[in-house]
Structures are given as C-alpha cells and as structure tokens.
Amino acid sequence: MSSQTITQLQDPPSAERAQSSTLDILNKNFAESAHLDDLSRFLDDARNSKVQLGQRLVESERVIDVLTTNTRVEAILHLDRARELASLRDSLEDDLAYLSHDLVSAPSPTGDDNAPTLLEDIDTMHRALKELESVRSYVAVVERTLQLSEGASSQMRHFNSPITAAATSEYQALLALVNGVKHSCSPVEDIGNSHGSLNLISFMERIRDKTWADMKATLFSTLISASESLKWPTAVDYVAASQEDRSAFESAVSDLLALQEIGESLQPLEENEGLYPLQALVQPVALRFKYHFELERNTNRLDKPEWYFTHMLNVAHDHRPFMEGVMQRLISSSKFRDVNVWHNYTTLLLPILERKLKRSVPLLLARPALLAHTVYQSLAFDSSLRDMGYEFVKGKREAQDDERREAEQGGISKVILDEKDWFNTWLEGEKKFADDQYHEIISATDAWAVVDDDKHEYAQNHASRDIDLKATISARRIKALVEQVTDRYSALPSFRQRTQFLIHVQLPILELYHSRISSSLDAFETLSSTLVRTVPGALGVDGPKTDSRKLTGGVEGSQRLCKALLSARYIENAMRTWGEEVFFLELWAEINHRASLRMTTGSHISLPEHNAKASHGMTSEGTIFEELVTQFEKLSSRAEDMLVQQICGECEVALKSHFSALATHLQDLDDRAAEIAVPSTLLPAVALLSSHLAFLRSTLPASVVTRLYRRTASRISEHVLQRQVLFRPGLTRGPGLTRAQARVIQAECELWAETSQVAMSTSRTRIEKPWSRLLAAGRLLGTDLQTHQRLLDVVFDGKSGDGWEELLDNVTELGTGGLGMDEVKAVLMLRDDCRR
C-alpha cells in the first residue's frame, strides 16, 4: 500500500460525498413510491451497518495507529540502514577505483608515485620464482661439478701407481657433465659473454681444466720429489744414483706419460703443451730462476740481462745429456717416442724468460741504452740456441710460407720485437743513437781530413781499381756507423722489422751525408761565383774582409773539392759492396716479393723502384742501394766537374796575361838566338797546373786522376790551341811567323806536356794523349817546311790522295793528333815561309 493511499484513508469523511452517495442509493433503490415500504427496513439495515462500520472504524483507527507507529519505526530503521548502505556503497566505489588504479599500469610513469601495480608485483614474483628455480638448478649443476672435481683430485691422490684409466673415472664423469651441459646450452650460446659462451659453461670449463691441472700437480709433486733424490735441477749423474731412486723416478715419469695419454684420449690438448714429465722437471728450474733473477738479489739487475740469458743457456746445455740419454729412453716406450725430448724441454724453458722479459721491458722503456742492450742479448740468446741445434717453430702448419719462415726464425726476442710499442721505442732509441753518432762525426774538427784507409781492410773488402786507400775521416766513420747499424738489425727475425730499421735508421744516415756533401759543393760554387768575388757581402759572404779566393782558389780550393769527391766515392763504393752482400740481397728480394713490404717502402725516395718480375716469383735485379749509389755517383761526377772547372778556370785566368803579351814577345824575339826562351808570362799558368796535378795524384785514386787529367788537359789544350795558335793575336793580318817564333810556340806547347809528365810521373805516351791536338799543332808549326815540301803539296794541292796523315805523323809523331785538314792548313799558313 502506498503512502498516498494511506493518506487518503486517514482523511475525515466528506459530507458532500456522503450526501451524494445517499442520494444515489435512494434514487437507485426507491425509484417508485411503491418502494417506500422497504424504507424502514432499509433504514434499519443502514443503522446496523453504521454501527458495524463505526466499530470497524474504531478498530481500523486503532490498527492504523499501531501500523503507523510501526511503519514510522521501521521507516526510521530503514532510513538509517539506507544511510549506512549509501556510505558503504561510497566506500566500495572508492575501494573499487583504488583497486582498478592499482591493476592498470600507467603508460608513461612520471614522478615517484608510480609504484608497481599488483599485477606487476605478481608477475615479478612469478619471474623471481622461476629464476629461483633456475638458480636452484644452476647451483645443483655447480655443486655437482665441484663434487666431481674434488672427487677426481682426491681419486688421483689416493690412486696407486701405475696410473690407468680407472684413476680418472671421476674426471671422466666431470668431463661428461661439462659436455652434456654445453650440448644443452648450445642453442642459447649467443646470449653468453663476450667469448660466445654462457658463464656457467665457462665456469665448468675452468673447473674442468683446474681439476686436470690439480691431477697433474699431484703426479708432478711425486716426480719432483723423486728427481730431488737425483740432485735435480743440477746436472744429473743418473748412473751414480741408487736403484731405488731411479725406480721411483722412472715410475713417476711413467705415471705422467700414462696420464697424458689418457688426457689426449679424453679431449684434445693444447698445441705445443709439452710432455708432462718435462713440465714437472721445469718447475724446480723456474723456482731457482725466480730466486736469482726475480727477487731482491744481487743477480737481479736490469742492466745485466746477459746473466739470466746465460743462466738459461747453461741449463739447456747442462741438462742436454740427461734429456737425450735418460729421458729420451724412458719416453721412447710410450706413444710419444717421436718427440725430441731435449728440444721439447728447451721449449718449456722459454716461457720463464718470456715472463722475465715482460716484467723487465716496461721498466726499460725510459732507458733506451738498456733496452737496446736487452734486445741484443735476446737476439744473441736466440742465435746461441740455434747454434746448439734448437729450432724456434711457432704457428700453425697451415700458415703461409712467408709467415712460417719468419716464425721459424723467431725466438725469445719476439717477445719484445712483436710488441709494437716496445719495438717502436727501441727503434726510436736506435735512430737517436745513430743520429747523435752522425752529428758527432760531422762536427769533429778532423771530419774532412784525408787519411789512408786500412790496407788490410782494403784488401779484404775492396776489389775495384776505382777505390784507392784514401778517404776522409768522416767517410770512414760513416761507413763504420752504417755497418754497425747493419750488425745491430741483421739478426732481427722479421723482414718487416729489418725493413723498418733500414728505412728509419740506416738510409737517413746516408741521405744526411749525401746532403752534407752536396751542400758543401753548393757553398763552394757560391763562394767561387763571379758575383761573390765582385760584390763583397753578396750571397751571405761576410763583408770585404772575407776573401773567397782563399777559400776556393788554388790547391786549397781543389783540396776542398777532393775531400767531397773522396767522401762521396768512398761511400758509393761501400754501398756497392753492401748491396752485393747476402743479407741485403735477401732483404731486397723479400721487399720485391711481399706486397706489405712494398707498401712500406714504396714512398721512400732513396730506394729503387720495385721489380715487377720479382713480385711474381722471378729473381730480382739490382741492389737495395742502387738508388743511393746513383745519387752518390752523380755527386762524385759533380765534384769531378767542379774540379775540372776549378783547375781549367784558374789556368785560363792565369793565361790571360800571357795571351795579352804574345804579340810583344814575338816582335822582340831575335831570330838568330841559339836558345829558345819560353816567355815568363806562361810560367804561372804552367806552375798552377803542375801544382794541381801533383796534388790530385797524391790524393785521388789513379783511375780518377787519369780521368780528371784527361778532361783537364783536353780543355786547356783546346783553349791554348784556339788562343795561342789558331787565333793568335797579331797574326790574323800580319806577315806570319818566322821559324824561330814558331819554335817558341812549339816549345810552349811542349812545356804543357812536359810539366804534366813531371807532375803525373807517368809515361810520355799517356801524358801526350790529351795534349795531342796542341802538340801536333805546335810541332807542325815549328817544323822545317823545306824538308817537308811533300806535306805542303798533299795538304794544299791534294796530291797523293789521302796519305797526308802519314806525312803528318812524320812531323808530329802523333799522327794527325785529332787535327782536321782545315786546321792543318790553318796552322801551316801561320808560317811566313808557307807560300800557298
């Protein structure tokens, strides 16, 4: 029932509605007057009904009051409950919103309030649970690995000799475990460490290797203990040892060989690992080496690397009889019978030196002299081992031939030389030393003094006649310095390192010396130039007090040029000899053969161009110093040209006064004079030539003197011939020369040859050859034409064909002397009695 219905029921009765309802009832029931008889009854019924309704009304009101009261109470209760439910609903909505927020991750969390959501926490805990399960499996594998490792080591310690495969059962189980884990993890190896393997696998492999090392160490200790009874590591007298000691030693050796055989059957071993018994015997040697050369002992000195190198050589030498006699026999009964025991033992000794060098060299980098000394001692050690029959072989068999050849030539020195920084430091130190030596040589006060070379050295090293026994001190010392550098790097095992030494140390010395000689010739040309002589202070010459003639004139000037010539020629011939040596021939062949070396030397201007044939396997031509030889040869030729120019130029200048006085001298000549007097104006030029030739003969090689003499004499001869004979001043329009005047000219011409003969101290025939044109002209000019009328007829009239050369030879005794027909005519026409 609705509250509206209840409200309507509680309203008081409506009179109008009652009256209307009564009227309706009356109209319905008493429509006619006949029906009025029933009105009394109807009224009675109405009264009874009213009474009943009144009672019911009272009852109803009473019930309504009760119900209203109850309803109000319930309404109040329900209202309170509704308020509680509303509050609960709001609380639930808040909780729902909070949980919804926690369950949904923010797409881009910002700030500190974005904590992980519940789902994320649950997911994290699930992953952590899985990781814990993996860790449990990981730890189980590690635990099993460690258990097997400890079991294998313990098994080896308690197993009695002889060693069999049963002694390695625990290790075999460990090896199977490691291989099984590797196989299981192979699909995920890409996500491992930088070496391409999982950390678990790396750990297990380390445990496996350590276990095997521990097993070896167990047997090593047994062998070392047995060897101490033999007084190892001193020289062993095996025959003098007791039978019990020898049996214990042989048993320990046999056990180690058996273990190595088992190890090779289980897994491949490292290359060049060495025999296990020899590894054990090396340990006491290494311990003694450490005591002497690595601890604070007087024998541990950085400046004495030869001490530990010699110690190791002595060890290899002293133990060789024991290795080749006893150990080789013991090992011959195993599968390693083909192994050279002493060679293998020596190979195991080398790591001791390698460790020593790796500790020592960093301390030597700041001390170039000690570093170089250590390098040379290491090279000497390698050479000594090779002399003992040891071969340094490293690298894989499939390496290329060139690389393998260099590896075979390697040795303990490669520990230093193959370290790029160490090698470069050593190279720079050697370069600085060579440069300092060069500057000391050049700066010496007697650097350009000419001295006799050692005759014994000359006889051994020089076979060419172009080389005399004289050279400048600087040239000899430069030669010795270059040879010293060659000795320093000739023992290097790598051709690449030799090439670097050649380019950075040796060739620069020769280049600097070439530049020094060239600059001295440039300075000589500058001082002797006409501009310097005419303008004081020109081209850097210091003022009027500096007389350039004193520096470049006379014998002193020739001496300066001879020093440059001797220096250049001496080094040139030295390089020719070096280029033919086996060391440099091999180096040049390798440079032409290898592309890497060709790239290294390709841009160096002092090396010849590479031979394309040699790079294709054919024999290379030329030598490594061919380009420098050419440069020094040009320098020598330049010095010779300057010498010729110097001598000829001075003689021509001295002849100017003589040529100027020719006409006057001939006019004053008495035709009746019995003796022929040479003009005094000629004597300075002749004396100057004589002094120059005498100096050249006493200073330069005979072949060079001969070459310079021919060039100088030919030029002076031609100059005198042109100026004094063919184009003599005063004769072009004069009456001609009398025979007495002509004989004076002949005497002058003969004087040049006679002076040269005295200065050169050689035969007349050899001396006259360069003067032949001048001598022929002088003798022809001074001859008695009356007795040689036939010659005149042949020359001027062309009689008797071409026999004029024979007739001319009767006059000059030189044949034509190089004169042509026209020149002969011109000479003869200078005589006043030649009427042609």
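Hydrogens, waters and symmetry mates play no part in the numbers below; they use all other heavy atoms, side chains included. Keep in mind that what you see is a predicted model, and the values were worked out from it rather than measured.
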J.: Are Y489 and V375 side-chain neighbours, meaning at least one heavy-atom pair lies under 4.5 Å?
T.: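 With C-beta onward as the side chain, the pair stays apart.
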
J.: How are the rings of F220 and Y276 set relative to one another: parallel (under 30°), tilted (30 to 60°) or perpendicular (over 60°)?
T.: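 Perpendicular, since the angle between the ring planes exceeds 60°.
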
J.: For the pair S225 (side chain) and T222 (backbone), establish whether a donor and an acceptor sit closer than 3.5 Å, ignoring hydrogens and angles.
T.: no

J.: Of all residues at least two apart in sequence or in a different chain, which pass the ring-ring contact (aromatic ring centres under 6.0 Å, His included) check with F159?
T.: none

J.: Looking at every heavy atom in both K414 and P493, which two are closest together, and how far apart are they?
T.: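 So the two residues come closest at CG-CG, 4.0 Å.
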
J.: Does K479 form a salt bridge (charged side-chain N to carboxylate O under 4.0 Å, His left out) with E483? I'd like the steps, not just the answer.
T.: CA-CA 6 Å; K479 174 176 175 289; E483 290 176 345; 3.0 Å; yes

J.: With sequence neighbours excluded, what pairs up with S242 under the side chain to side chain donor-acceptor pair (under 3.5 Å) test?
T.: D245

J.: Excluding sequence neighbours, so at least two apart, what forms side chain to side chain donor-acceptor pair (under 3.5 Å) with K210?
T.: D214

J.: Take W212 and L259 through the side chain to side chain contact (heavy atoms under 4.5 Å, CB included) test and state the conclusion after the steps.
T.: CA-CA 10 Å; W212 187 253; L259 181 64; 3.4 Å; yes

J.: Taking the side chain as everything from C-beta on, heavy atoms only, tell me whether I412 gets closer than 4.5 Å to E354.
T.: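 In short, these two side chains touch, coming nearer than 4.5 Å.
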
J.: Does the plane of the ring in F293 sit parallel, tilted or perpendicular to the ring in F289? Use 30° and 60° as the thresholds.
T.: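 Ring orientation, 0 to 90° scale: tilted.
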
J.: Does one side chain, of T168 or Q172, offer a donor that lies under 3.5 Å from an acceptor on the other?
T.: yes

J.: Main chain of H343, side chain of E391: is a donor-acceptor contact present, judged purely on distance under 3.5 Å?
T.: no

J.: Can you check whether N340's main-chain N or O pairs, donor with acceptor, with Q328's side chain at less than 3.5 Å?
T.: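 Between the backbone of N340 and the side chain of Q328 there is no qualifying donor-acceptor contact (under 3.5 Å).
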
J.: Verify, without hydrogens or angle tests, whether H593 (side chain) and A589 (backbone) share a donor-acceptor contact under 3.5 angstrom.
T.: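 Here the side-chain-to-backbone pair does not exist.
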
J.: Return yes when atom CZ of R477 has more than 12 non-hydrogen atoms of other residues, nucleotides or ligands closer than 6.0 Å, and no otherwise.
T.: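 Yes, because the 6.0 Å sphere around CZ of R477 holds more than 12 heavy atoms from other groups.
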
J.: Side-chain contact, heavy-atom cut-off 4.5 Å: V253 with M327?
T.: yes

J.: Give, for atom CG of L607 and atom CG of L507, the distance between the pair rounded to the nearest 0.5 Å.
T.: 5.0 Å

J.: Could you walk me through whether L385 and L350 pass the side chain to side chain contact (heavy atoms under 4.5 Å, CB included) test, one step at a time?
T.: CA-CA 11 Å; L385 272 187; L350 296 181; 4.0 Å; yes

J.: Output every pair passing salt bridge (charged side-chain N to carboxylate O under 4.0 Å, His left out) with a member in residues 216-233, not counting sequence neighbours, ordered by first then second residue.
T.: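 Those involving residues 216-233 are K216-E273.
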
J.: Taking the six-membered ring of F501, is the NZ or CZ of R498 close enough (under 6.0 Å from the centre) and on axis enough (within 45°)?
T.: no

J.: For L287, what residues pass the side-chain contact (heavy atoms from CB on, under 4.5 Å) criterion, not counting sequence neighbours?
T.: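 Here no residue qualifies.
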
J.: Below 4.5 Å, heavy atoms only, C-beta onward: do M323 and N344 meet side chain to side chain?
T.: no

J.: Any chance you could measure L357, atom CG, to W422, atom CH2, to the nearest 0.5 Å?
T.: 8.0 Å

J.: Hydrogens and angles aside, do R297 and Y291 bring a side-chain donor and acceptor to less than 3.5 Å of each other?
T.: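 There is such a pair (donor and acceptor under 3.5 Å, judged by atom type) between the side chains of R297 and Y291.
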
J.: Let's go through E419 and K358 carefully: what are the C-alpha distance in whole Å and the side-chain angles of both, what is the deciding distance for salt bridge (charged side-chain N to carboxylate O under 4.0 Å, His left out) to 0.1 Å, and is it a yes or a no?
T.: CA-CA 10 Å; E419 189 71 29; K358 289 178 180 179; over 6 Å; no

J.: Keeping the roles fixed (side chain from D382, backbone from S413), state whether a donor-acceptor pair exists under 3.5 Å.
T.: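 Here the side-chain-to-backbone pair exists.
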
J.: Tell me every residue that passes ring-ring contact (aromatic ring centres under 6.0 Å, His included) with F433, counting only those two or more places apart in sequence or in another chain.
T.: none

J.: Measuring from L417:CG to L379:CG, what's the distance to the nearest 0.5 Å?
T.: 6.0 Å

J.: Please list all pairs meeting salt bridge (charged side-chain N to carboxylate O under 4.0 Å, His left out) that have one or both residues in residues 327-352, counting only residues at least two apart or in different chains.
T.: E250-R329, E264-K335

J.: Applying salt bridge (charged side-chain N to carboxylate O under 4.0 Å, His left out), which residue pairs with at least one partner in residues 359-369 are found, sequence neighbours left out?
T.: E294-R359

J.: Tell me whether H317 at atom NE2 has more than 12 heavy atoms from other residues, nucleotides or ligands lying less than 6.0 Å away.
T.: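 No - once you tally the heavy atoms of other residues, nucleotides and ligands closer than 6.0 Å, there are 12 at most.
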
J.: Test of understanding: with side-chain contact (heavy atoms from CB on, under 4.5 Å), list the residues that count as partners of F203, not counting sequence neighbours.
T.: V142, L146, R206, I207

J.: So with a 6.0 Å cut-off around CZ of F583, is the heavy-atom count from everything else above 12?
T.: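 It does: F583 CZ has more than 12 such atoms within range.
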
J.: Determine yes or no for a side-chain-to-main-chain donor-acceptor pair under 3.5 angstrom, with S333 supplying the side chain and L330 the backbone.
T.: yes

J.: Between W578, F625, F495, which is the residue that forms a ring-ring contact (aromatic ring centres under 6.0 Å, His included) with F584?
T.: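 With F584 as partner, ring-ring contact (aromatic ring centres under 6.0 Å, His included) holds for just one option, F625.
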
J.: Does the side chain of L132 reach to within under 4.5 Å of the side chain of R136, using non-hydrogen atoms?
T.: no

J.: For F336, check ring-ring contact (aromatic ring centres under 6.0 Å, His included) against everything at least two apart and list the hits.
T.: none

J.: Of all the heavy-atom pairs spanning S334 and L257, show the shortest one and how long it is.
T.: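 Result for this residue pair: OG-CD1, 3.9 Å.
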
J.: Tell me whether S251 contacts the main-chain N or O of S247 through its side chain, where contact means a donor paired with an acceptor under 3.5 Å.
T.: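 Absent.
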
J.: Quick check on E244: does its CD atom have over 12 non-hydrogen neighbours (other residues, nucleotides or ligands) under 6.0 Å away?
T.: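 Result for CD/E244: open.
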
J.: So do the side chains of L364 and T425 get within less than 4.5 Å of each other, counting heavy atoms only?
T.: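 Of all side-chain heavy-atom pairs linking T425 with L364, none is under 4.5 Å.
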
J.: Got L353 and Y308 here, is their nearest side-chain heavy-atom distance under 4.5 Å?
T.: yes

J.: What is the minimum heavy-atom distance between R246 and Q243, and which atoms define it?
T.: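 That would be NH2-OE1, 3.0 Å.
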
J.: Got a sec, which residues hit side-chain contact (heavy atoms from CB on, under 4.5 Å) with P284, two or more places apart in sequence or on another chain?
T.: I224, W232, P233

J.: How long is the span from the CD1 atom in I624 to the CD atom in E586, to the nearest 0.5 Å?
T.: 11.5 Å

J.: Mind jotting down which residue pairs meet the ring-ring contact (aromatic ring centres under 6.0 Å, His included) criterion with at least one end in residues 345-375? Sequence neighbours excluded, please.
T.: H319-Y345

J.: Nearest 0.5 Å, please: how far is OG in S360 from CG in L371?
T.: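 Reported to 0.5 Å precision, the distance equals 11.0 Å.
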
J.: Any donor-acceptor pair under 3.5 Å linking the side chain of Q260 with the backbone of G274?
T.: yes

J.: When you measure from the side chain of W342 to the backbone of Y390, do you find a donor-acceptor pair of N or O atoms at a distance under 3.5 Å?
T.: no

J.: Could you tell me whether N298 atom CG has more than 12 heavy atoms of other residues or ligands within 6.0 Å of it?
T.: no

J.: To the nearest 0.5 Å, what is the distance between CZ (R208) and CD1 (I201)?
T.: 11.0 Å

J.: Do Q283 and Q279 come close enough that some side-chain heavy atom pair is under 4.5 Å?
T.: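 Result no, sub-4.5 Å side-chain heavy-atom pair not found.
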
